[in-house]
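Note that ligands are numbered from 1 as they come in the structure, with each ligand's atoms numbered from 1 the same way.
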Amino acid sequence: MTPLRIGIIGCGNIGARIHLPTWLAHPEVAQVVALADPTEVALDSARQLAGLAPEQVHADPVHLIARDDVDVVDICTPQHLRREVLLNSAVSGKHILCEKPLAAVPLDAAAAVDAAEDAGQTLAMVHNYLWLPEIQAAREVIDSGEIGPVRTIVVNYLGVVDVPGAAAYRAGWRHEAVSSGGGVLMDMVHGVYLAETLLGRPVRRVSAYVSSREASATVEDLALCRFETDANAALVNIAWGLGPGGIEVTGELGRVSVRYRDGGTAPWAPVEHVRVHTASGMREVLGPDEREMTGIPQPIMDSFEQVLLDFADAVRTGRPAAAPGRDGLRILEATVGAYKSAVTGELVGIPLDRDDPVFRHGVLGLKKLSLPEWSPARGTSLYSAG
Ligand SMILES: NC(=O)c1ccc[n+]([C@@H]2O[C@H](COP(=O)([O-])OP(=O)(O)OC[C@H]3O[C@@H](n4cnc5c(N)ncnc54)[C@H](O)[C@@H]3O)[C@@H](O)[C@H]2O)c1
């Protein structure tokens with residue numbers, strides 16, 4: 001089997017500390033042949049780790065995408081920088097693995113999905129929480145029919161750690177609406193795709209509430225959302241701070257409960273248990289993870305390994321990846337739709353209307369909407385360009 005030749009674009013925390021070493025650990029599957037990042041210090045340290053020559057690394061991703069020896073572009077830049085990289089990669093005949101969220105703006109994400117489909121290339125998302133052992137365990141129980149049809153999911157990620165961006169680049173980019181495309185909900189979009197996966201159906205409508213403790217903030221630090229499908233619904237609550245975590249799946253015949261240590265939030269708190277409760281009693285399907293979660297938690301490293309190997313297999317066999325680009329687009333629309341609901345009070349239909357300002361501009365389109373008196377985005381800096 002000839003290894004896939006990978007070019008990584010964006011050598012920050014996720015590109016250089018997770019994707020790069022994970023690809024390097026699987027030389028039979030992949031060979032990293034090029035890197036791109038405009039931040040010199042990041043590019044040089046990633047180059048040394050990868051053992052590449054100076055001519056294999058580029059300040060401008062355009063030069064990486066133009067290389068004939070790259071089969072796969074692995075995109076790890078902040079999300080507002082993705083449009084040109086995604087489109088160039090697709091038209092240049094590259095397969096694409098893209099970090100979440102697919103873009104900051106749905107219009108850009110939709111253009112990328114269409115371009116990859118037109119070019120016949122694989123475009124897949126890093127929706128790595130799908131591979132966490134507690135999520136796999138919950139899905140197995142659901143798929144077995146033991147708890148019956150799923151009625152509701154509650155995802156609590158209210159204790160999310162506010163991880164800064166790379167200091168050598170811009171530590172604060174996650175808190176700037178213009179670069180992040182949203183606050184903690186966008187950053188922890190994992191909660192949205194997990195909820196949809198556990199519901200087992202596509203999201204059709206969303207309503208939400210957002211707030212921020214800082215008066216000058218341009219993004220929220222708390223989001224409470226309700227995502228509805230045609231048959232069931234999920235509550236997804238996400239915040240930077242010290243609130244509780246955990247996931248509850250309620251079916252017609254029972255429930256699955258995912259609890260993290262001391263009621264904390266994954267992945268910073270390890271799994272305490274996954275339990276199934278039915279009329280016949282309780283059984284534990286996953287016990288406590290006793291490992292210390294210092295640095296990058298091991299279950300997270302393992303989840304990335306699964307994503308990268310699944311993607312490589314999808315490219316080789318032509319089958320869909322576990323999370324195709326079209327899933328990334330729908331989840332982005334549901335997330336941006338939550339912002340629209342939170343500032344207008346509307347129940348927002350998904351997919352978004354293609355002419356909707358939030359489809360075309362993401363959160364920066366929110367101020368163009370008719371906002372009620374009480375709207376958190378009215379007369380404030382929330383969701384402004386800063
Ligand atoms: N799947 C996950 O669990 C997970 C975890 C963390 C981050 N992420 C995602 O990964 C992406 C990057 O996050 P991060 O934490 O690595 O950010 P970071 O700030 O640590 O790194 C960003 C890097 O991108 C580089 N960059 C900036 N402009 C560029 C350009 N035009 N071309 C190439 N590189 C460019 C910067 O120089 C920097 O090195 C984000 O979209 C984030 O949502 C995903």
**Q.** Side chain, backbone, both or neither: Ala168 near ligand 1, heavy atoms under 4.0 Å
**A.** neither
(Q) Show the atoms of ligand 1 that are less than 4.0 angstrom away from any heavy atom in Cys76. (A) 11 (C), 12 (C)
Q: For the pair Arg316 and Asp313, find out whether any cationic side-chain nitrogen is under 4.0 Å from an anionic carboxylate oxygen.
A: no
Q. Should you measure from each heavy atom of Leu81, which atoms of ligand 1 turn up under 4.0 Å away?
A. 27 (C), 28 (N), 29 (C)
Q.
Considering non-hydrogen atoms of the protein only, which is the closest contact for atom 8 (N) of ligand 1, and what is the distance?
A. Glu99 OE1, 3.7 Å
**Q.** Ion pair Arg47/Asp37, N-O distance below 4.0 Å
**A.** no
**Q.** Atoms in ligand 1 with a heavy atom of Pro61 nearer than 4.0 Å
**A.** 32 (N)
Q | Polar contact flag, side-chain donor to acceptor under 3.5 angstrom, Asp302-Gln306 | A | no
Q. Is Tyr157 reaching over with its side chain to a backbone N or O of Leu185, donor-acceptor style, under 3.5 angstrom?
A. no
**Q.** Which of the ligand 1 atoms, numbered from 1, are nearer than 4.0 Å to a heavy atom of Gln79
**A.** 40 (C), 41 (O), 43 (O)
Q) Hey, does Tyr129 come in under 3.5 Å of ligand 1, counting only N/O atoms on both sides? A) no
**Q.** Sub-4.0 Å heavy-atom approach of His190 to ligand 1
**A.** yes
Q) Less than 3.5 Å between some nitrogen or oxygen of Ala166 and one of ligand 1, yes or no? A) yes
Q) In the protein, what heavy atom is nearest to atom 7 (C) of ligand 1, and what distance, to one decimal place, separates them? A) Arg174 NH2, 3.5 Å
Q | Protein contact to atom 25 (C) of ligand 1 [nearest heavy atom, distance to 0.1 Å] | A | Asp37 OD2, 3.2 Å
Q: Answer with yes or no whether the side chains of Arg170 and Ser179 bring together a donor and an acceptor at under 3.5 Å.
A: yes
Q.
Other residues, nucleotides and ligands only: do more than 12 of their heavy atoms fall within 6.0 Å of CD on Glu40?
A. no
Q: Distance to 0.1 Å, residue and atom name: give those for the protein heavy atom nearest to atom 30 (C) of ligand 1.
A: Pro38 CD, 3.6 Å
Q: Considering only NZ, NE, NH1 and NH2 on the basic side and carboxylate oxygens on the acidic side, decide whether Arg5 and Asp69 come within less than 4.0 Å.
A: no
Q: Measure the distance from atom 22 (C) of ligand 1 to every protein heavy atom, then report the residue, atom name and distance (to 0.1 Å) of the closest one.
A: Pro78 CD, 3.7 Å
Q.
With respect to Thr39, determine whether any N or O atom, backbone or side chain, lies less than 3.5 Å from an N or O atom of ligand 1.
A. yes
**Q.** ligand 1 contact by Arg170, heavy-atom criterion under 4.0 angstrom
**A.** no
Q | Proximity winner for atom 20 (O) of ligand 1, if only heavy atoms of Ile296, Asn13, Val62, Asn128 are counted | A | Asn13
**Q.** Over 12 non-hydrogen atoms of neighbours within 6.0 angstrom of CZ in Arg259
**A.** yes
Q. Got a salt bridge between Asp310 and Arg319, using NZ or NE/NH1/NH2 to carboxylate O under 4.0 Å?
A. yes
Q: Give a yes or no answer on whether the side chain of Asn232 reaches the backbone of Val150 with a donor-acceptor pair at less than 3.5 Å.
A: yes
Q) What's in the same ILVMFWY side-chain cluster as Val33, cut-off under 4.5 Å, chained through other members? A) Ile9, Leu64, Ile65, Val70, Val73, Ile75, Val85, Leu86, Ile96, Leu102, Val113, Leu123, Met125, Leu329
Q | Nearest non-hydrogen protein atom, atom 27 (C) of ligand 1 | A | Tyr169 CE1, 3.4 Å
Q) Taking the six-membered ring for Trp, are Tyr129 and Tyr193 parallel (under 30°), tilted (30 to 60°) or perpendicular (over 60°)? A) perpendicular
**Q.** ligand 1 contact by Arg82, heavy-atom criterion under 4.0 angstrom
**A.** yes
Q. Does the pair Arg360 and Asp353 meet the rule for a salt bridge (Lys or Arg N to Asp or Glu O under 4.0 Å), with working shown?
A. CA-CA 9 Å; Arg360 305 188 70 78; Asp353 190 287; over 6 Å; no
**Q.** Atoms of ligand 1 close to Gly165 [distance to a heavy atom under 4.0 angstrom, numbered from 1]
**A.** 19 (O)
Q: Output the list of atoms in ligand 1 that are nearer than 4.0 Å to some heavy atom of Phe304, sorted by atom number.
A: 1 (N), 2 (C), 3 (O)
**Q.** Closest protein heavy atom (residue, atom, distance) for atom 42 (C) of ligand 1
**A.** Lys100 O, 3.8 Å
Q. Of the protein's non-hydrogen atoms, which lies at the shortest distance from atom 6 (C) of ligand 1, and what is that distance?
A. Ile14 CD1, 3.3 Å
